[in-house]
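Below: one structure, written as structure tokens.
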Amino acid sequence: MSKTTTDATPAAEDQDLGTAGAQLSTAPVEEISHLPSLGVIGWARWFWRQLTSMRVALLLLLLLSLGAIPGSLIPQTGIDETKVAEFRKAHETLAPIYDKLGLFNVYSSVWFSAIYILLFVSLIGCIVPRTWQFVGQLRGRPPGAPRRLTRLPAYTTWRTEAEPEQVRDAALVLLKKRRFRAHISGDAVAAEKGYLREIGNLAFHIALIVMLIAFAWGQLFKSEGNKLIVEGDGFSNTLTQYDDFKSGSLFSQDDLDPFSFNLKNFVGSYEPSGPNRGTPRVYKADVTYSVGAFGREEKTTIEVNEPLEIGDSKVYLVSHGYAPVVTVRDGKGKVVYRDAVPLLPLDGNVTSTGAVKVMDGYRTAKGAWDQLGFQAFFLPSYVKGNEIASQFPALLNPVLNLEAYHGDLGVNAGLPQSVYQLNKKNLKGFKDSKGAQLRENLKPGETMKLPDGAGSITFEKEIKEWAGFQVARQPGSGWALAGSLAAIFGLAASLFIQRRRVWVRAATGPDGVTVVEMAGLGRSESAKVPEELGDLAGILYEQAPGAPDAADDPADSEASPDPQVAPAEGADTK
């Protein structure tokens, strides 16, 4: 085999090799930063270079992650104001400090917004120049072959009797067939492959921007409300109808989708036995709904994880309980209250608690106006001797436990209070014949009489069920999902696809025989480049087989008909 020689200086060779490996990536070159020249423009340029560097982008991403931790550990005003109030009472010293730092409103605080916006600007500053650089690479051609291919990580060579032009043409066809971007440059074919790596890298960063915009849009315009509805009752999507409601800072009432629905029936069934006894098997709510003021009424079923979608709103089924129907009469037998009373579950067996409040229309046996209050506990499956908890969530043996009180319920004080709790501060308990607090267990159809002819309360045989619904409106969630998927695929492409270049040089040697040289270069060290080069060399060798060994050249006596690829740093021949 012939040996090639060159009189190029080492510095020129290093520059030549650097050109061959140039633009294998669109990553910006990290330069040693120097203090800018005095002046506003100089400082602005220095700050922009620092902000758009990959190092600062990663730092901002880390700060954003760290900043989200207090939002998960500390109660947030926009999520649960009750817990925030409890935290303030329990931590009188920390609460003012948290207020100044904005830790009760982390995601809308100034410092969190500043990190968010800086990260957004940094990503854009990184992506825009890299995108233009990549577009320029796509419009250009792979660089020509270096003078000394032996200095590249993967290299092979052999001698052939085929003409150099035939070898180059065959190499060009082969490389294009393998989806390389290839062209003939001088006495060599230059080819490049793996552009999807850079596309994936750019797609990943663009997807991050899309996700940031989607999350910001969702937080600003989101709304979320909860409503408890008893069978037979309905709901209209207005602010006054919600039991509790929270929204983003730019949300307005006009953003609510106009619709209404009625709960016709709730169906719940449970595992009767085994290790999963009491576990729900079926949870579904049969409803009728209409869209707009004059929309046609339609029937549907809402199940867990199968919400009703109306416009941008989704109606989720989130909870369930019982609402026993009770009737309260005064001393003259007049009905002063009759309704289904929703009670809140305390455990998985739907042991429930609540209150019955008779605020208007009740008179004592002497004709004086008064108010009644009943502390209620409901056990769907009562077991005698255990008055504390239900033994099963279904209505196997329902019992309603009632404690009777009279006096001032506190509803006229102008202060808000829970409909499920009884404020006993200004109430007096009815006493039984033994002088103890009046308390009885009632089965469906039974009545508890109040002492001294004060009236009665009846647990009717009808027991309704209620369902808790959450109406959520999260704009931008579709874009966030698309951005997440694009980020995953983009990251996978940037990690598993390698950008590499291949050169095939065919030139006439000093003895008139064509010398074929092949070399490969990847962005990073990988066994894939030598393997791929060996595969290409084997195919090209079949089209341009090796020439017979020259008898007068002992250096060529070891030539192999099957070219092998190996790292050839500092070697001219293989």
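If you're wondering where the values come from, they're calculated on a predicted model, not measured in any experiment. Below, all heavy atoms of this structure are taken into account, side chains as well, without hydrogens, waters or symmetry copies.
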Under the rule for salt bridge (Lys or Arg N to Asp or Glu O under 4.0 Å), what residues qualify as partners of [X], not counting sequence neighbours?
X    : result
R181 : none
K193 : E532
R281 : E271

Could you label the plane-to-plane angle of the [X] and [Y] rings as parallel, tilted or perpendicular, counting under 30° as parallel and over 60° as perpendicular?
X    : Y    : answer
Y195 : F134 : tilted
F261 : F235 : tilted
Y270 : H320 : tilted

Task: Partners passing side chain to side chain donor-acceptor pair (under 3.5 Å) against W111 (at least two apart in sequence or in another chain) - done: S109
Open item on the list: List the residues meeting side chain to side chain donor-acceptor pair (under 3.5 Å) with N237, not counting sequence neighbours, and say none if there are none.
Closed with: Y242
For the [atom1] atom of [X] and the [atom2] atom of [Y], what is their distance to the nearest 0.5 Å?
X    : Y    : atom1 : atom2 : result
N201 : I199 : CG    : CD1   : 11.0 Å
H205 : L123 : NE2   : CG    : 6.5 Å
W132 : I127 : CH2   : CD1   : 14.0 Å
Q253 : F245 : CD    : CZ    : 8.5 Å

Atom pairs and distances, donor-acceptor, side-chain atoms in residues 170-178, under 3.5 Å, two or more places apart:
from	atom 1	to	atom 2	distance (Å)
R178	NH1	D535	OD2	3.0
R178	NH2	D535	OD2	3.1

Open item on the list: Check for me whether the distance between the ring centres of F215 and Y116 falls short of 6.0 Å.
Closed with: no
- [ ] Compare every heavy atom of E192 with every heavy atom of P142, then report the nearest pair and how far apart it is.
- [x] CG-CB, 3.8 Å
Open item on the list: Does K246 have more than 12 heavy atoms from other residues, nucleotides or ligands lying within 6.0 Å of its NZ?
Closed with: yes
